[in-house]
Chemist: 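Sending over a structure as structure tokens; questions will come in a sec.
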Amino acid sequence: MSEQILVTGGTGYIGSHTTIALLEAGFEVVVLDNLCNSSVESLNRIERICGKRPKFYQADIRDRKALDQIFAEYQFNSVLHFAGLKAVGESVQKPLDYYENNISGSITLFQAMAQANVFNLVFSSSATVYGAPTEMPIREDFPTAAPTSPYGSTKLTIEVILKDLAKSDQQWSIALLRYFNPVGAHQSGLIGEAPNGLPNNLLPYISQVAIGKLHELSVFGGDYSTPDGTGVRDYIHVQDLADGHLCALKAISEDAGVRVWNLGTGIGYSVLEIIHAFEQASGRPVPYKLIDRRSGDIAECWADPRKAASELGWTAKRGLIEMMADSWRWQENNPLGYAS
Ligand code: NAD
Ligand code: UFG
């Protein structure tokens, strides 16, 4: 019998790509999502891509009764926990929503797991937990820092909770995956990132400018101490990220305790480099203007990915142009996201 995996947030951007990787690797996948930031149409697309459809429950991770029912129905080997609110700016406006959804929701999920004797967990953390390191690239042993947003605080708090949990009970086997900047889409162009309203992140914004939905990109700050003055980030293809989860699943099935891995490429690109690469990949112009820095942004952030390479046997394979081309294919084929 194939291993059963619960994927919370599995209709979202990263969860849907990881669900495909899991189904293709032969896992039986159960997706739980309350659809607050995703569409059930992603499940149809997943089925079109890999000929298999995950079981789906529209449920909230804060709903203990719903969780208990799902855990009673299956014998999960592991949980991949993607569900959460993720908009940095919105978290500043609505901190209680973020603490309640992300932290209370995660605690409820971990309680339901423990009761069901499921102790293998992969958690979606973020490079935001490092704050503004003075040195690059960022290694996992760098100190975590006071996050600059309630969103970041939720990620760091959940990491702390999971470390305490693993200390209290050695059955827990936990991977904290600190993602850098996920971009791109499945090469089929059938699934991708579908933000509600005005995009906060660079790639969805650029894509919407290129397709003509938005007029021009505002580049936040041209006066950083970086080679061209704009912010530098470690952009990683979402399919590489998905593959990283499969490697983490294998690792946690072999050893207990909590381990942390950066999932990044180890290469930093500036905003201007991204704009030019996107123009090259799409053949479309991306008009932009330089404006003031965005509050809370850091100058540069890229990963040292060697720990994941040596311990998980995982490295990102897809380069910049492929990331841009795949983002564009998704945007061009689905100008209205999953409503297209
Ligand atoms: P996403 O919004 O596309 O996916 C998250 C999913 O969780 C959505 O489908 C949403 O409907 C669901 N969800 C939210 N709250 C829920 C709840 N209470 N109960 C059930 N479902 C709920 O986001 P994503 O980009 O796929 O991110 C996945 C995870 O990775 C998140 O935890 C996010 O914080 C983390 N992460 C994302 C990035 C990024 O830049 N995309 C970077 C670092 C970490
Ligand atoms: N940027 C612009 N204009 C825009 C949007 C972004 O110039 O309209 C710039 C930013 O200033 C930054 C870069 O593009 O230099 C990337 O910005 P994003 O908003 O795409 O990503 P961030 O690095 O700010 O944050 C992302 C996620 C966070 C996560 C963090 C680290 O949004 O959730 O990566 O993993 F915490």
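In listed order, ligands and their atoms are each counted from 1. Residue numbers run from 1 in the order of the sequence given.
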Chemist: May I ask whether N181 has any heavy atom positioned less than 4.0 angstrom from an atom of ligand 1?
Modeler: no
Chemist: Run down the list K86, Q58, E193 and name the one with the heavy atom closest to atom 25 (O) of ligand 1.
Modeler: K86
Chemist: For L32 and ligand 1, does the shortest N/O to N/O distance drop below 3.5 Å?
Modeler: no
Chemist: I'd like to check which ligand 2 atoms, numbered from 1 as shown, lie under 4.0 Å from a non-hydrogen atom of F180.
Modeler: 35 (O)
Chemist: Could you name the option among D60, N37, D97 that has the heavy atom nearest to atom 1 (P) of ligand 1?
Modeler: N37
Chemist: Going by the closest heavy atom to atom 17 (C) of ligand 1, which one wins out of V7, N34, D63, T18?
Modeler: N34
Chemist: For residues 195-212, dump all side-chain donor-acceptor pairs below 3.5 Å to protein atoms at least two apart in sequence or in another chain.
Modeler:
from: N196; atom 1: ND2; to: N37; atom 2: OD1; distance (Å): 3.1
from: S207; atom 1: OG; to: L203; atom 2: O; distance (Å): 2.8

Chemist: Within the 4.0 Å heavy-atom shell around S126, which atoms of ligand 2 are there?
Modeler: 29 (C), 31 (C), 35 (O), 36 (F)
Chemist: So is G105 in contact with ligand 1, going by heavy-atom distances below 4.0 Å?
Modeler: no
Chemist: Going by distance only, is there an N or O of D33 that falls short of 3.5 Å from an N or O of ligand 1?
Modeler: yes
Chemist: What protein heavy atom sits nearest atom 31 (C) of ligand 1, and how far off is it?
Modeler: F82 O, 3.1 Å
Chemist: Would you check whether R178 reaches within less than 4.0 Å of ligand 1, judged by its heavy atoms?
Modeler: no
Chemist: With a cut-off of 4.0 Å, which atoms of ligand 1 are near a heavy atom of S125?
Modeler: 43 (C), 44 (C)
